[in-house]
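Presented below is the structure to which this report refers.
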Amino acid sequence: MSNPDELLVAISAAVESERSNQMSLTVIVGGAVITGRLAPEAVWRERVAEVLKDSDRLGPFSDVFARAPRGNRPGRGEAPTHLHFHLARILQGSLGIPETGGMYRVAIKDVSAWTVGDLIHFDR
């Protein structure tokens with residue numbers, strides 16, 4: 001979306017202000033379906049930093065996520081520009097990748113469609 005959906009921005013702002021991770025959302029971005037729970041950016045960054053820190057190869061990158069963002073991050077009172085998913089999956093057919101859920105950052109302006117809720121696939 002070149003003009004981000006005001007309702008989606010408001011949902012993201014509510015997640016940011018409450019520091020809650022209970023809002024489930026499904027979005028379509030570039031034809032991909034991503035489903036999972038939203039997290040405040042600070043919580044999302046902490047979790048990504050923790051995961052990277054435990055990796056022998058990727059450990060040095062944990063500091064990038066651990067330090068406070070600067071530059072193009074909205075300040076207080078400004079609208080969020082990204083959704084921060086955790087426990088999220090990219091849906092492909094009957095598969096959710098990764099099965100256990102991953103961490104995704106999605107630009108709100110790139111969301112072409114969305115719905116409240118987490119889509120669950122069952123193999124039958």
Please check if the side chain of [X] supplies one atom and the backbone of [Y] the other of a donor-acceptor pair under 3.5 Å.
X: Trp114; Y: Leu25; value: no
X: Glu16; Y: Glu41; value: yes
X: Thr26; Y: Gly117; value: yes
X: Ser112; Y: Ile28; value: yes

Basic-acidic side-chain contact under 4.0 Å: Lys53, Glu50
no
Report the C-alpha separation of Ile108 and Asp5 in whole Å, then their side-chain angles, then the decisive distance to 0.1 Å, and conclude whether the side-chain contact (heavy atoms from CB on, under 4.5 Å) test is met.
CA-CA 8 Å; Ile108 293 172; Asp5 184 317; 5.8 Å; no
Could you state the interatomic distance from [atom1] ([X]) to [atom2] ([Y]), rounded to the nearest 0.5 Å?
X: Met103; Y: Phe85; atom1: CE; atom2: CZ; result: 11.5 Å
X: Arg47; Y: Leu87; atom1: CZ; atom2: CG; result: 9.0 Å
X: Met23; Y: Leu83; atom1: CE; atom2: CG; result: 10.0 Å
X: Ser12; Y: Leu38; atom1: OG; atom2: CG; result: 6.5 Å

Are the side chains of Thr35 and Leu91 in contact, using a 4.5 Å heavy-atom criterion?
yes
Distance-minimising heavy-atom pair for [X] and [Y]:
X: Arg89; Y: Gly101; answer: CG-CA, 4.1 Å
X: Ala39; Y: His86; answer: CB-CD2, 3.6 Å
X: Pro4; Y: Val9; answer: CB-CG2, 4.0 Å
X: Ile34; Y: Ala88; answer: CG2-CB, 4.3 Å

Establish whether Ile90 and Val27 are linked, either directly or via other cluster members, by ILVMFWY side-chain heavy-atom contacts under 4.5 Å.
yes
Using distance only, find each side-chain donor-acceptor pair of residues 54-65 under 3.5 Å and give its atom names and separation, not counting sequence neighbours.
{"from": "Ser55", "atom 1": "OG", "to": "Arg57", "atom 2": "N", "distance (Å)": "3.4"}
{"from": "Ser55", "atom 1": "OG", "to": "Leu58", "atom 2": "N", "distance (Å)": "3.1"}
{"from": "Ser62", "atom 1": "OG", "to": "Gly59", "atom 2": "O", "distance (Å)": "2.9"}

